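These numbers were taken from a predicted model, which means no experiment stands behind them.
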Amino acid sequence: MIVTRFAPSPTGYLHIGGLRTALFSWLWARKNGGKFLLRIEDTDMARNSEEALKAIIKAFSWVGMSYDEEVYYQSKRFDIYQKYIDQLLSEGKAYKCYMSKEELDALREEQMAKKERPRYDGRYRDFNGTPPAGIEPAVRIKAPLDGIITFIDGVKGEINISASEVDDFIIARSDGTPTYNFVVAIDDALMGITDVIRGDDHLYNTPKQIVVYDALGFKIPRFAHVAMINNEQGKKLSKRDGAIDVMEYKQNGFLSEALLNFLVRLGWSHGDQEIFSIEEMIEFFDPKDINKSSSSYNLDKLYWLNSHYIKQKSDEELSSLLVGFGVNIVNHPKKSIILNATKERAKTLKELSSQIKLILETPSNYDEKSFAKAFKDENTKGLLKAFGDNLKVANPKSKEDYHKALEDFVAQNSIGFGKIAQPLRLALLGELSGAGLDEIMEILGLDECLIRIDNIIKN
RNA sequence: GACCCUUUCAUCUAGUGGCCAAGGAUGUUGCAUUUUCAAUGCAUUCACAGAGGUUCAAAUCCUCUAAGGGUCGCCA
């Protein structure tokens with residue numbers, strides 16, 4: 001059984017980098033009929049934010065990634081960790097360190113000055129004298145002193161880190177609370193995680209966690225470290241960058257399936273295929289096909305994907321999605337004509353909603369430049385009026401009727417289509433570009449068309 | 001500074017020694033279509049980081065160089 005997990009710390013919003021590794025983990029579990037767990041890494045109480053936690057769960061539900069079992073909170077599992085700290089202490093695999101913060105800083109500075117990699121020097125590793133007074137000790141684990149820590153990374157291949165690079169790191173702070181690398185290893189082992197898929201900023205935590213696995217006699221899972229996503233400037237995505245908060249994509253009118261499709265192709269591929277339904281992602285995903293190199297994201301492709309998925313959506317789905325963008329056509333009798341007229345020219349739901357609003361709302365004013373352009377010919381108003389009169393007589397019903405009315409009018413007056421089309425569009429939409437005139441008029445109906453034509457003539 | 005990772009078009013990528021004078025997609029530009037804007041179709045543009053090896057043969061293997069990234073907390 002494959003068990004994967006996503007283990008964010010609730011210190012910021014979920015950004016697309018996190019969403020992508022979560023997606024990879026989720027796909028791998030679903031593909032194998034395994035489990036995908038959600039675990040909140042909140043051991044550092046001072047830095048937790050309730051809001052951030054809610055945002056993460058909200059984002060998960062938006063994209064439709066379901067997790068198994070309940071959400072695990074590390075802050076509720078301290079007694080478990082304590083047990084293992086005591087165990088390691090009594091087995092002599094961990095020890096108390098009485099070094100003060102100041103001493104530690106001094107040591108680090110000294111090592112930096114000598115151009116060495118800063119690391120704990122092990123001074124309390126075999127200490128059995130009288131501890132200094134007034135200092136609450138932290139607990140450190142005994143890391144191997146020599147040799148090489150090796151693991152096979154599912155993405156990068158064999159990774160070798162010499163043991164001298166891994167110091168006796170702290171597993172419990174002086175206030176008794178356990179630290180990240182310790183609890184991650186314990187939880188992953190206890191929860192039976194078989195595949196740890198995470199960002200490669202954790203690559204260096206892996207040897208530390210292996211030290212914990214070994215000390216506790218746990219089985220080491222498979223690791224797959226996914227390279228980072230960079231921003232368009234090729235720099236690391238920052239959590240503070242509001243534009244990349246997952247929920248902002250929703251607010252900006254992106255469909256979750258477009259975002260997921262976009263993310264799955266960032267660092268992963270399946271031949272030349274670009275469009276993946278969720279089912280196909282699950283079917284084809286394999287961590288072995290994840291790229292080693294980091295990638296930068298490119299909004300153009302997301303827009304392309306998004307318009308693709310907008311066109312795929314049913315009228316029912318689209319119209320209910322649009323409610324969130326201030327357009328309610330759920331029960332509109334001409335819903336499907338409206339959507340057909342507009343969805344081809346919208347890259348986002350936001351754009352779609354404003355296209356629809358343009359049609360549904362009677363224009364109250366006209367852009368000066370556009371007006372001047374469309375009405376630069378003095379006869380234009382007269383032409384529009386004549387067209388309105390013709391319409392009244394023709395009494396068109398369908399978009400074919402309207403089309404015929406237009407054609408007839410152009411033929412009768414021997415003018416180019418553009419002569420009437422541009423002013424008419426401005427009259428109907430208040431804009432010079434947008435949906436086809438036939439469709440717009442069918443949606444509006446004869447009366448509203450005449451009102452709008454009349455309005456612009458009076459302008 | 002030390003250690004680790006990475007390097008194919010502007011961007012995402014295919015590619016595991018011959019099928020590659022490098023394929024797909026987005027973007028660009030052009031043409032067609034059209035009442036506008038789109039959409040669509042067709043075409044166009046653009047890359048193996050560099051230098052040395054190994055080999056009959058290298059984008060693919062090896063070495064070095066360069067550039068980018070990551071990590072060095074009683075943060076996660």
Per-nt protein contacts along nucleotides 5-19 of chain B (heavy atom under 4.0 Å; B base, S backbone sugar-phosphate only, - none) come out as SSS---SBSS-----
Not counting sequence neighbours, list each pair that qualifies as a side chain to side chain donor-acceptor pair (under 3.5 Å) and has a residue in residues 178-188 of chain A. A:Arg5-A:Asp188, A:Arg39-A:Asp188, A:Gln74-A:Asp187, A:Arg77-A:Asp187, A:Tyr81-A:Asp187, A:Tyr180-A:His202, A:Asn181-A:Asn205, A:Asn181-A:Gln209
Under the ring-ring contact (aromatic ring centres under 6.0 Å, His included) test, which residues partner A:Phe371, sequence neighbours left out? A:Phe375
Sorted by chain and residue number, the salt bridge (Lys or Arg N to Asp or Glu O under 4.0 Å) partners of A:Asp195 (sequence neighbours excluded) come out as A:Arg222
Within the structure shown, what part of the strands sits under 4.0 Å from A:Asn230 by heavy-atom distance: base, sugar-phosphate, or nothing? nothing
Nucleotide by nucleotide, nucleotides 37-51 of chain B touches protein heavy atoms under 4.0 Å in the pattern (B base, S sugar-phosphate only, - none) BBSS-----------
Could you run down nucleotides 59-66 of chain B 5' to 3' and tag each one B, S or - for protein heavy-atom contact under 4.0 Å? --------
Would you be so kind as to tabulate the donor-acceptor pairs closer than 3.5 Å made by side chains of residues 349-358 of chain A, with sequence neighbours excluded?
{"from": "A:Glu351", "atom 1": "OE1", "to": "A:Lys347", "atom 2": "N", "distance (Å)": "2.9"}
{"from": "A:Ser353", "atom 1": "OG", "to": "A:Lys350", "atom 2": "O", "distance (Å)": "2.8"}
{"from": "A:Ser354", "atom 1": "OG", "to": "A:Lys350", "atom 2": "O", "distance (Å)": "3.3"}
{"from": "A:Ser354", "atom 1": "OG", "to": "A:Glu351", "atom 2": "O", "distance (Å)": "3.0"}
{"from": "A:Gln355", "atom 1": "NE2", "to": "A:Arg345", "atom 2": "O", "distance (Å)": "3.4"}

By side-chain contact (heavy atoms from CB on, under 4.5 Å), which residues pair with A:Ala94, not counting sequence neighbours? A:Leu88, A:Leu89, A:Val139, A:Ile171
Where at least one partner belongs to residues 113-122 of chain A, residue pairs that pass side chain to side chain donor-acceptor pair (under 3.5 Å), sequence neighbours excluded: A:Arg117-A:Glu165, A:Asp121-A:Arg123
Side-chain donor-acceptor pairs of residues 411-423 of chain A under 3.5 Å, sequence neighbours excluded:
{"from": "A:Gln412", "atom 1": "OE1", "to": "A:Asn390", "atom 2": "ND2", "distance (Å)": "3.3"}
{"from": "A:Asn413", "atom 1": "ND2", "to": "A:Phe409", "atom 2": "O", "distance (Å)": "2.8"}
{"from": "A:Lys419", "atom 1": "NZ", "to": "A:Asp377", "atom 2": "OD2", "distance (Å)": "3.4"}

Kindly write out the residues that satisfy ring-ring contact (aromatic ring centres under 6.0 Å, His included) with A:Phe276, not counting sequence neighbours, or none if the list is empty. A:Trp268
Sorted by chain and residue number, the ring-ring contact (aromatic ring centres under 6.0 Å, His included) partners of A:Phe60 (sequence neighbours excluded) come out as A:Phe6
